[in-house]
Amino acid sequence: MKTSHDESRVVALVPAAGQGVRLGESMPKAFVPVGGSPMLTVAVDGLIASGVVDRIVIMVPAEWRAQAEALVHVNSRVPISVVTGGSERTDSVRAGLAAAPEATHVLVHDAARALTPPSLIARVVAELRAGSRAVVPGVPVADTIKSVDSDGEVTGTPDRSVLRAVQTPQGFRAQLLREAYAHDVPATDDAGLVERLGVRVRVIPGDPLAFKITTPLDLRLANALLAERELSELSQAVRP
Ligand code: C5P
C-alpha cells in the first residue's frame with residue numbers, strides 16, 4: 001500500500017501488438033472478444049482492479065490505435081496511454097518503456113493473459129515493494145518437457161520438478177528493465193533479458209487463470225470461464 005510520502009510510480013506496460021496468428025482470427029489477438037469484450041479491455045480492467053497501478057501504457061499495431069483509445073479511455077480511474085508497438089514483442093515493450101519515463105517500477109503484462117486475477121497483480125507489486133528487483137509468477141509444469149534437435153531427436157529431459165511455466169505480469173525496478181532493454185537481443189519474456197545481466201529473478205506462485213490465450217482452445221476456455229463467472233454474479237445479485 002502507498003503512503004502519502006511514497007514517490008514510487010508503478011506503470012503497467014501492456015503488449016497488445018501481436019497479430020495472433022495461432023489464434024486464427026481476422027483481427028489482432030488483443031482485439032478478439034472474450035466474454036463479449038476485447039481481450040485488451042478485460043486485461044486492462046484486471047490491472048485497474050488490482051489497485052496497485054498508477055498508469056497504464058498499451059502498445060498496439062499502428063492502425064489499431066484509434067480503436068484502442070476508444071476502448072480503454074471510457075471512465076478509466078487510471079490514466080491510460082496508447083502507443084504503437086513493434087514487429088517483435090521486445091520492440092513493443094521497448095516502445096512502452098520509452099513512454100513511461102516516470103516509472104520507478106514497471107509491470108509488463110500480456111493483453112493475452114486477460115483473465116489474470118487482480119490479486120496476482122497485487123502480489124507481484126508487493127514483492128517489488130518488499131525489495132525484489134525482478135519478479136515473475138510461475139506455475140509447475142504438468143507435462144514432461146523434452147528438448148529436441150532439428151531432426152526431432154530428443155536431446156534432453158530436464159527434471160520437471162525444477163521447471164516453472166512463467167506468466168505475466170512480470171515486475172521490475174524500472175531502471176533495471178531499461179538497462180536490460182538497452183541491448184537488442186531477442187527474448188520471449190522480459191525476465192530473460194534481465195537474467196542476461198546476471199540479476200537474480202524471483203519466481204512467486206502464479207495462477208492457472210493467468211494462462212495466455214493463444215489457440216482457439218484457449219479462447220473457448222476463457223469464454224467458458226467468463227460465462228460461468230457472469231452466471232455466478234447474476235445468481236448472487238438475485239439472491240434475497
Ligand atoms: O506472441 P505472444 O503470444 O508471445 O504474445 C504475447 C503478448 O505480446 C500478446 O499480448 C501480444 O499482443 C504481444 N505482442 C506485442 N508485439 C508483438 C508481438 C506480440 O505486443 N510484436
Side-chain angles (χ1 to χ4, degrees), residues 11-35 37-48 50 53 55-69 71-72 80-100 106-117 120-121 124 136-139 141 164-172 177 180-181 184-195 206-223 226:
V11 179
L13 310 181
V14 183
Q19 289 306 318
V21 174
R22 290 169 290 181
L23 197 57
E25 298 276 336
S26 57
M27 62 185 87
K29 181 162 75 174
F31 294 86
V32 171
V34 59
S37 306
M39 240 180 255
L40 175 61
T41 318
V42 182
V44 165
D45 285 349
L47 284 165
I48 295 170
S50 74
V53 171
R55 193 161 76 87
I56 298 173
V57 178
I58 298 167
M59 296 80 84
V60 298
E63 62 281 17
W64 284 79
R65 271 181 75 160
Q67 285 92 328
E69 276 164 8
L71 279 176
V72 295
I80 300 179
S81 318
V82 178
V83 302
T84 301
S87 57
E88 300 294 331
R89 186 181 178 282
T90 42
D91 301 322
S92 298
V93 174
R94 191 174 281 111
L97 261 179
V106 172
L107 296 181
V108 187
H109 185 41
D110 291 336
R113 296 184 191 271
L115 271 63
T116 302
L120 174 60
I121 300 165
V124 171
V136 303
V139 289
V141 293
R164 296 290 177 274
V166 298
Q167 305 175 322
T168 73
Q170 299 195 344
F172 306 93
L177 196 62
Y181 268 89
D184 197 6
V185 281
T188 51
D189 81 331
D190 306 285
L193 293 176
V194 165
E195 289 154 37
D207 192 302
L209 287 173
F211 68 99
K212 187 166 67 172
I213 301 170
T214 307
T215 65
L217 183 63
D218 299 328
L219 189 58
R220 286 177 70 177
L221 174 63
N223 276 318
L226 287 174

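Whatever order the structure lists them in is the order used to number ligands and atoms, beginning at 1. As the structure is a computational prediction, the values presented were derived from the model and not from experiment.
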### Query
Hey, are R89 and D190 close enough for a salt bridge, meaning a charged N less than 4.0 Å from a carboxylate O?
yes
### Message
Residue by residue, ordered by chain and number, which ones reach under 4.0 Å of ligand 1 with a heavy atom?
### Response
P15, A16, A17, G18, R22, K29, G86, S87, E88, R89, S92, D110, A111, A112, K212
### Message
As a test of understanding, state which of L221, D207, D218, L226 forms a side-chain contact (heavy atoms from CB on, under 4.5 Å) with L115.
### Response
L226
Check: [Y] and [X] side chains under 4.5 Å, non-hydrogen atoms:
| X | Y | value |
| --- | --- | --- |
| V124 | P137 | yes |
| Q19 | P61 | yes |
| V136 | R164 | no |

### Message
Please report the interatomic distance CG(L97) to CE(M59), rounded to the nearest 0.5 Å.
### Response
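Answer for the CG-CE pair, L97 versus M59, is 7.5 Å.
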